[in-house]
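Keep in mind that the numbers below use all heavy atoms, side chains included, and drop hydrogens, waters and symmetry copies. Throughout, protein chains are lettered first and strands after them, A, B, ... in sequence-line order, and every chain is numbered starting at 1. Remember, predicted model here, so these are calculated numbers, not experimental data.
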There are 2 protein chains.
Amino acid sequence: MQSTDRVAFEIDEADVPAGCQACGARRFGICSALKAAELTHFSTVTRRRKIAQGETIYFEDDEVANYANIVAGAVKLTKLLSDGRQQIVGLQFAPEFIGKPFTEKVPVSIEAATDVEVCVFPKTELEKMLRQQPDFEHRLLEQTLVQLDDARTWMVTLGRKTAQEKVASFLLLLADHIGKPSADNPAHSEFMLPLKRADIADFLGLTLETVSRQMTKLRKMGAIDIRKNLEVTVHGTEQLVAISGGE
Amino acid sequence: MQSTDRVAFEIDEADVPAGCQACGARRFGICSALKAAELTHFSTVTRRRKIAQGETIYFEDDEVANYANIVAGAVKLTKLLSDGRQQIVGLQFAPEFIGKPFTEKVPVSIEAATDVEVCVFPKTELEKMLRQQPDFEHRLLEQTLVQLDDARTWMVTLGRKTAQEKVASFLLLLADHIGKPSADNPAHSEFMLPLKRADIADFLGLTLETVSRQMTKLRKMGAIDIRKNLEVTVHGTEQLVAISGGE
DNA sequence: CGCGAAATTGACTATATTCAAAGCTAGTGG
DNA sequence: CCACTAGCTTTGAATATAGTCAATTTCGCG
């Protein structure tokens with residue numbers, strides 16, 4: 001006969017819904033505020049959805065009835081000016097939360113930057129969880145504070161950096177979020193660009209031509225390598241940090 | 001003898017600490033989540049402080065032991081690059097909350113843009129209130145979401161607007177927060193600039209000369225009037241909205 | 001292989017910056 | 001009360017950086 005401890009542990013683990021076990025949000029996202037039993041209940045009202053690159057998930061000022069966690073991929077948050085100029089105001093990667101609680105409308109458009117998989121749940125359900133679980137709201141506040149800090153950090157990049165520094169900052173941001181140590185040299189970092197040049201330009205407040213020129217310059221300086229327009233290798237982040245004008 | 005209702009009402013009102021009665025944070029800030037009795041307790045651990053224009057309240061990455069509500073005046077939140085370039089990432093007016101909960105360090109420098117009066121309270125005390133009062137945390141989350149939205153809206157201005165549009169956007173922001181209808185024409189708006197040209201430049205991602213030139217241009221276009229370098233009159237906001245490139 | 005989309009490169013231009021000088025404004029002291 | 005100063009603002013001329021428009025190349029995919 002097994003010890004109660006052991007049994008309890010196994011039951012607990014078994015209680016974690018299958019779909020949640022491999023999910024980043026379970027461990028690092030808002031779901032980490034939930035206990036297995038609560039998660040089980042929660043998982044009955046969520047559903048997985050795959051979204052193709054380029055699809056818009058919410059339009060700016062849409063009224064929304066759902067929220068979601070990103071399970072895989074990256075989404076871009078954009079804002080438009082009436083004449084069509086566009087600014088990407090944030091990139092979000094797994095396992096971050098999508099949506100703005102307690103308001104009718106989302107103040108940004110949300111679009112799949114890569115193929116994306118999300119875990120969707122109804123607005124009402126989230127708000128119920130928030131009322132029942134103070135921890136859950138706490139977690140949400142923490143994630144919001146991180147996003148606020150990220151936004152403000154990016155404001156410095158937008159307002160005060162040169163084109164070259166902006167591009168270097170962008171590459172460092174990606175290295176940080178989706179970079180993997182390269183096979184041959186662990187000090188290097190490799191990743192696929194989740195955005196095309198026009199989107200990078202919209203994120204950096206530049207034109208796509210300027211982005212392209214600066215990428216070329218960084219390549220010629222030996223700071224990075226780009227293959228097939230989207231496979232990037234960073235040759236040591238220190239050099240890139242120096243070029244980026246720092247934090 | 002008075003009715004119990006009447007008595008209860010008077011006691012309740014009388015319970016609101018004297019210092020809180022005229023405070024904006026009491027009605028619109030985070031303190032509005034508190035009932036009179038809780039407020040009374042809270043007010044025993046707060047203290048008023050006056051801060052002169054130009055004084056720094058927190059330095060970037062300082063560890064802080066206090067939070068505060070702005071009672072009067074305006075503060076600027078700034079971030080620095082290592083070589084000294086500066087970006088103002090936010091302006092806050094009464095009755096907003098200052099400080100970043102649950103973290104050791106503030107990620108921005110906070111400086112009094114005008115003479116400021118704040119209501120200060122210890123970090124530990126706020127965090128205790130947050131645990132005891134879910135409403136309080138909820139309120140804080142809502143304020144943080146508003147700040148996040150403000151930051152993202154400003155990112156569009158920084159990344160995608162021209163100098164002229166930036167200056168117009170800035171004036172509209174002020175008209176919105178501290179503008180008063182002018183005496184002679186209610187469609188006009190008047191206010192004192194809380195920032196000097198160099199600060200406006202740091203807020204808009206421009207140089208102070210460019211800010212000055214654009215102000216002059218707006219004056220010559222008849223959109224605004226400036227007296228003594230800091231008294232501004234907006235001649236109808238529609239024109240300024242049109243110039244600002246919109247939301 | 002060939003087509004369409006995306007990226008690069010080039011030549012020219014526009015916008016905002018830089019550097020420099022002069023003009024205001026408010027506060028101080030004779 | 002006026003002159004003087006210090007700090008800020010305005011204005012000007014020259015320059016640099018990024019933007020625009022256009023041509024060419026590369027890449028992904030049928």
Checklist entry - Any ion pair linking A:Lys161 and A:Glu165 (charged N to carboxylate O, less than 4.0 Å)? => result no
Checklist entry - What is the distance, rounded to the nearest whole Å, between atom CG of A:Asp199 and atom P of C:dA5? => result 16 Å
Checklist entry - What is the distance, rounded to the nearest whole Å, between atom CG of B:Asn229 and atom P of C:dG27? => result 13 Å
Item to check | Atom-pair distance (CE on B:Met215; P on C:dC24), nearest Å | outcome: 18 Å
Checklist entry - Can you tell me if the side-chain N/O atoms of B:Arg197 get under 4.0 Å from OP1 or OP2 in D:dT9? => result yes
Item to check | From D:dG19, D:dT11, D:dA18, nucleotide with atom closest to B:Ser212 side chain | outcome: D:dT11
Next on the checklist: Please determine whether a side-chain nitrogen of the Lys or Arg among A:Glu117 and A:Lys50 lies less than 4.0 Å from a carboxylate oxygen of the Asp or Glu.
Outcome noted: yes
Item to check | B:Gln214 CD to B:Lys217 NZ distance, which is reported to the nearest 0.5 Å | outcome: 4.5 Å
Checklist entry - At under 4.0 Å, does any side-chain N or O of B:Thr210 touch on OP1 or OP2 of C:dT17? => result yes
Next on the checklist: Can you classify the ring geometry of A:Phe203 versus A:Trp154 as parallel (below 30°), tilted (30 to 60°) or perpendicular (above 60°)?
Outcome noted: parallel
Next on the checklist: To the nearest 0.5 Å, what is the distance between CG on B:Asp150 and CG on B:Leu91?
Outcome noted: 10.0 Å
Checklist entry - Within the structure, does a side-chain N or O atom of B:Lys196 lie under 4.0 Å from either OP1 or OP2 of D:dC8? => result yes
Checklist entry - How long is the line joining NZ of A:Lys217 and C1' of C:dA7, in whole Å? => result 17 Å
Checklist entry - Can you tell me how far P of C:dA16 sits from NZ of B:Lys161, to the nearest Å? => result 14 Å
Checklist entry - Counting just side-chain N and O atoms, does B:Thr216 come under 4.0 Å of either OP1 or OP2 of D:dT11? => result yes
Next on the checklist: So if I take the C1' atoms of five pairs at each end of the helix from C:dC1-D:dG30 to C:dG30-D:dC1 and get each local axis, what angle do the two axes make, rounded to 10 degrees?
Outcome noted: 30°
Contact list (N/O, under 3.5 angstrom) for nucleotides 19-21 of chain C vs protein:
from, atom 1, to, atom 2, distance (Å)
C:dC19, N4, B:Glu209, OE2, 3.2

